[in-house]
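Below is one structure, written out as structure tokens, with a few remarks after it.
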Amino acid sequence: MKILGVETSADDTGLAIINAEGIFGPQFTFSILSNVVSSQLLHALYGGIFPAMAKREHAKNLPLLFRKIENNGPADAIAVTAGPGLEPCLWTGITFAQELAQKWSVPIVGVNHMEGHIIMSMVSVANMDDKEKLAKNNHQKTDRAHSNVLKYSVASATLKQFEFPALALLISGGHTELVLVKEFGHYEIIGKTRDDAVGEAFDKVARMLGFPYPGGPVIAKFAEEARTRGLTREPALPRPMLHENNFDFSFAGLKTAVLRQVENRTLSEDDKRAVAREFEEATAEVLVAKTMRAAEEHGVQTVLLGGGVSANAHIRRCFAETSAKMGMRFLVCPTEHSTDNGLMIALAGYFRALKREFTNPSELIARGNLKLGERA
Ligand code: KG4
Ligand code: ZN
């Protein structure tokens, strides 16, 4: 089945076409015919995503991106993110998918964005061909200054080896959830943030330090530099809810603790490095400790990390080391697939399409709060 994935839930516009075959299991294989993402760099100027502006950018970007992939011909089905996310943004993707489905006379399948992040870490795209390596070193700039397009192809890919149930920690700009994945499509949320999402905390702390949106990558860079040079920050930041006997998280207090340390003060670049490091390490410590405790309690052998914040090198390293120590399998995707893209939507959509979970195109609606496991 050739399937087109459409992603517009936040500020990244993504389109991907995959050719997939086989049910969920060792027989499953796919190849990536095209995968293009356009990140809306304009939000850097405003310190966050403005839904109305993001929506307009998606509407402009979709036809531009489509032109780059339409040489692959029509797909057999279209997968589009139906939620969760910003509804004005979701609608641009849905409308685009509806029009294309009509033009191609193919069915539509609505996809849960978070399920996309989950499946992305379950597949192995290690068989990159030279074309991808080439393109990776050569992020293509689009004709428009505020977009940046990643384009490449992959020879062929499969599922990684692991067993259900798996425990997925999903960390992105809008979500922080600990999900027991009983099998693909069957989820139980066993913990979540009570206030800010992890990505949101990274973005807000970055803003306090004077960095542009999205803040995660800059915090990560400054924190790495602090570690390399042995810069530390006193007093230590809190590790919220670390010892509480539940699997929930809270990041608002941590964020406020950073604010107390930096407000009304002129910080040197080294001060910023040290604060970034302490914030990143406090976050990683809580995420790892609570996830691993949940894994043990639920008798899980596989831990999976997904969502934009899983691009963070320190958080990955902590999870990889702790899982190895505990004899657990750790699944995460290449960093360039951690943030939003159309590939993850095409993949999740493929397995939904296999179950014939198609939606009547005119009935598909954007659902900002769509829950994992709910039909889109
Ligand atoms: O999944 P995603 O692309 O979009 C949402 O669904 O929200 O996640 C975006 C989030 C942003 O908050 C961004 O700052 C964060 O992921 N992020 C990072 C890193 N790269 C992106 N956070 C920490 N370290 C990174 N390297
Ligand atoms: Zn996301």
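Positions are given from 1, in the same order as the sequence printed here. These values consider heavy atoms only, across backbone and side chains, with no hydrogens, waters or symmetry-generated copies. The model shown is predicted, which means the values in this text are computed figures rather than measured ones. When a ligand or atom number is given, it counts from 1 through the structure's own listing order.
The minimum heavy-atom distance linking Ala295 with Val303 is given by the pair CB-CG2, 4.0 Å. Between Asn61 and Ser38, the shortest heavy-atom distance links the atoms ND2-OG, 3.5 Å.
Close contacts of ligand 1 with Gly199, meaning ligand atoms under 4.0 Å from a residue heavy atom, involve 12 (O). Taking a cut-off of under 4.0 Å to the non-hydrogen atoms of Ala311, the atoms of ligand 1 that pass are 20 (N), 26 (N). For ligand 1, the atoms lying closer than 4.0 Å to a non-hydrogen atom of Gly174 are 7 (O).
With respect to the salt-bridge test (charged N to carboxylate O, under 4.0 angstrom), the residues Glu244 and Lys290 do not qualify. With respect to Arg317 and Glu224, a salt bridge is recorded, a charged nitrogen being found less than 4.0 Å from a carboxylate O. The residues Glu200 and Lys255 are annotated as not salt-bridged, no charged nitrogen and carboxylate oxygen being separated by less than 4.0 angstrom.
Screening Leu100, Ile108, Val111, Leu4 for a side chain to side chain contact (heavy atoms under 4.5 Å, CB included) involving Val80 leaves a single residue, Ile108.
Note: an N/O pair closer than 3.5 Å links His113 and ligand 1 by distance alone. Residue-to-ligand polar distances place Gly173 within reach of ligand 1: an N/O pair is separated by less than 3.5 Å. Note: no N/O pair closer than 3.5 Å links Phe202 and ligand 1 by distance alone. The shortest N/O to N/O separation between Asn312 and ligand 1 falls below 3.5 Å. The distance criterion of under 3.5 Å between nitrogen or oxygen atoms is not met by Gly307 with respect to ligand 1. For Gly216, a nitrogen or oxygen atom sits less than 3.5 Å from a nitrogen or oxygen atom of ligand 1, counting backbone and side chain alike. Taking any N or O of Asp340, backbone or side chain, at least one lies under 3.5 Å from an N or O belonging to ligand 1.
At a heavy-atom cutoff of 4.0 Å, ligand 1 is contacted by no atom of His175, backbone or side chain. Contact annotation for Asp203 and ligand 1: only side-chain heavy atoms (C-beta onward) come within less than 4.0 Å of the ligand.
The closest side-chain heavy-atom distance from Phe24 to Glu183 is not below 4.5 Å. Counting heavy atoms from C-beta outward, Gln40 and Glu57 have side chains that approach closer than 4.5 Å.
Taking 4.0 Å as the cut-off, His117 counts as a neighbour of ligand 1 on heavy-atom distance. Distances shorter than 4.0 angstrom do not occur between any heavy atom of Ala10 and any atom of ligand 1.
Minimum-distance N/O/S atom of His117 relative to the Zn ion (ligand 2): NE2. For the Zn ion (ligand 2), the nearest N, O or S atom contributed by Asp340 is named OD1.
The single protein non-hydrogen atom nearest to atom 15 (C) of ligand 1 is Val309 CG2, 3.9 Å, given as residue, atom name and distance. Atom 17 (N) of ligand 1 has as its closest protein heavy atom Gly308 O, 3.6 Å.
Ring geometry, Phe330 versus Phe319: the interplanar angle falls under 30°, so the pair is classed parallel (tilted spans 30 to 60°). A tilted orientation is assigned to the rings of Phe28 and Phe351, their planes being inclined by 30° to 60°.
Proximity of the aromatic rings of Phe164 and Phe162 is defined here by a centroid distance below 6.0 angstrom, and this criterion is met.
Remark: the backbone N or O of Leu237 is paired with a side-chain donor or acceptor of Arg239 at under 3.5 angstrom.
Within the 2.8 Å limit, His113 places at least one N, O or S atom next to the Zn ion (ligand 2).
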